[in-house]
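Okay, so here's the structure we're looking at.
Quick note: numbers below take in every heavy atom, side chains included, and nothing from hydrogens, waters or symmetry partners. Reminder, nothing fancy here: chain letters follow the sequence lines and each chain counts from 1. Bear in mind the structure is a predicted one, so any value in this text is a computation, not a measurement.
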2 protein chains.
Amino acid sequence: MTFARRTYHHGDLRRSLVEAAEGLLEERGAAGLSLREVAKRAGVSHAAPYRHFHDKAALLDAIAQAGFERLSERVREAWDGNPCDPRTQLREAGVAYVCWATERPERTRLMMGGMMREDPLCTCLHAAAEDAFQWIFRVIDEGRSAGVFGGPDTRSVVISAWSAVHGLAMLILNSGKVSAETPEEVARLAALVCDTVADGIQIRH
Amino acid sequence: MTFARRTYHHGDLRRSLVEAAEGLLEERGAAGLSLREVAKRAGVSHAAPYRHFHDKAALLDAIAQAGFERLSERVREAWDGNPCDPRTQLREAGVAYVCWATERPERTRLMMGGMMREDPLCTCLHAAAEDAFQWIFRVIDEGRSAGVFGGPDTRSVVISAWSAVHGLAMLILNSGKVSAETPEEVARLAALVCDTVADGIQIRH
DNA sequence: ACCTGAACACCGTTCAAGT
DNA sequence: ACCTGAACACCGTTCAAGT
């Protein structure tokens with residue numbers, strides 16, 4: 001990738017640290033990730049990361065934030081790809097959400113495991129999460145405007161739909177009771193859960 | 001509670017350790033819980049806990065297991081309290097699940113945060129979790145037998161219902177986007193989500 | 001400006017030794 | 001049988017010092 005360092009200065013240490021941390025995260029989980037090991041893998045001393053991140057939490061925040069941006073992108077694609085079809089939009093957005101989450105177990109645990117409940121130091125992380133969740137809101141809102149979905153109010157329906165999608169991802173990841181070995185099986189379950197919710201919020205004629 | 005120790009022998013150190021750990025858990029979370037601090041609060045040396053637990057994970061497992069037993073009890077009560085009424089059973093079981101979980105944030109994060117994905121050393125933990133989840137299965141199975149609920153098969157319907165209930169609890173706990181400050185608000189949202197699922201799986205006449 | 005090396009206060013875990 | 005105290009190998013974080 002890059003030829004031997006000529007000085008003790010690193011080219012782009014911040015990026016190298018994030019990449020090393022992402023690798024270590026999927027290998028050992030957030031609890032087993034040590035900043036010293038990250039620094040070692042990036043080829044610097046254990047104190048060097050503090051030039052780029054205030055502390056360990058700040059590095060994990062950066063990884064979580066990048067995760068929300070990518071998840072957001074995937075859900076947006078499902079929205080874009082199925083215009084004027086709220087039921088399919090809901091199913092495809094849900095499938096994208098659950099597939100993305102289950103493909104990256106440790107990253108998802110980091111993002112969804114309650115790291116966001118801390119001090120509002122990192123507004124960027126909250127903004128990235130907000131943006132990802134925004135697309136689910138739009139799917140429901142558009143469906144209600146089109147007269148396909150009903151329910152008492154948009155917020156209530158969003159909570160129901162998002163709970164089902166998010167819950168399925170968490171159960172596959174953490175419960176050990178909902179087995180979905182292949183990506184196809186994950187997608188099948190996600191579609192099933194989304195269709196059940198769609199049946200529950202659909203206006204009947 | 002107990003009068004001064006006469007010897008360096010502790011009366012029931014195992015129990016004391018669990019209680020100290022439970023307190024520390026809700027105060028600082030699983031990541032901030034140290035075995036040395038638990039030992040200090042129980043009034044023993046930092047090596048003493050190893051007489052009763054193989055390692056830190058074993059202590060956390062014991063706490064998680066007790067949690068599943070209590071959660072199971074609450075869901076079972078909802079089942080018992082509403083015989084021959086699957087729709088109400090589902091709603092009340094869901095409300096019990098979400099309320100219990102949100103009342104004990106750190107304990108629930110410990111139980112549901114992926115601790116169970118480890119080696120099958122602790123069969124007791126898995127059995128306790130299995131038992132808790134069993135009641136949701138029964139609610140759906142009974143509802144399908146009674147001709148109230150439909151769906152392709154019981155397993156699929158259970159996954160949809162459990163996903164919605166579990167997902168709501170996780171979103172309230174971890175997302176920072178679904179706010180439910182009071183127990184009443186939590187119960188209202190849980191009932192709403194359960195009713196949406198019930199609408200989705202109900203057989204229509 | 002960017003990184004190093006030593007230092008500090010913590011960890012989990014082990015083990016010989018005490019009662 | 002049950003607990004202690006010292007010891008080991010790790011942590012995260014800080015900071016004077018180097019280039």
Give the intermediate values and the outcome of side-chain hydrogen bond (donor to acceptor under 3.5 Å, both in side chains) for residues A:R91 and A:N82.
CA-CA 10 Å; A:R91 188 195 305 115; A:N82 300 279; over 6 Å; no
Could you state the atom-to-atom distance from CZ of B:R14 to P of D:dA1 in whole Å?
18 Å
Salt-bridge test for A:E19 and A:R15: reply yes if a basic N is under 4.0 Å from a carboxylate O, no otherwise.
yes
Contact list for DNA chain C against residues 33-41 of chain B - heavy-atom distance below 4.0 Å
B:L33, B:S34, B:L35, B:R36
Residues passing the salt bridge (Lys or Arg N to Asp or Glu O under 4.0 Å) test with B:E22, sequence neighbours excluded, are B:R70, B:R107
Return the value, rounded to whole Å, for the distance between atom CG of B:L13 and atom P of D:dA1.
17 Å
Roughly how far, to the nearest 0.5 Å, is the CG atom of B:L192 from the OG atom of A:S160?
4.5 Å
Do the rings of A:Y97 and A:F133 sit parallel, tilted or perpendicular, given the 30° and 60° boundaries?
tilted
Quick test of your reading of the model: are B:R74 and B:E77 salt-bridged, counting only N-O distances below 4.0 Å?
no
Protein-nucleotide distance (B:R28, atom CZ; C:dC10, atom C1'), rounded to Å:
12 Å
Interatomic distance where NE2 belongs to B:H46 and P belongs to D:dC8 [whole Å]:
13 Å
State the CD1-NE2 distance between B:I136 and B:H166, to the nearest 0.5 angstrom.
9.5 Å
Salt bridge or not between B:D199 and B:R87? Use side-chain N to carboxylate O under 4.0 Å.
yes
Please list, by residue number, the residues of residues 48-58 of chain B whose heavy atoms come closer than 4.0 Å to an atom of DNA chain D; answer none if no residue qualifies.
B:A48, B:R51, B:H52
Counterpart residues, side-chain contact (heavy atoms from CB on, under 4.5 Å), relative to A:T102 (two or more places apart)
A:V98, A:I172, A:L173, A:V186
Does the side chain of B:I159 come within less than 4.5 Å of B:R155's, by heavy atoms?
yes
With sequence neighbours excluded, tell me which residues meet salt bridge (Lys or Arg N to Asp or Glu O under 4.0 Å) with B:R41.
B:E27, B:E37
Under the rule of Watson-Crick or G-U wobble with both distances under 3.5 Å, where | means paired to another strand and [ ] a crossing pair, DNA chain C maps to ||.|||||...|||||.||
Out of D:dT14, C:dT13, C:dC3, which nucleotide sits closest to the side chain of A:A47?
D:dT14
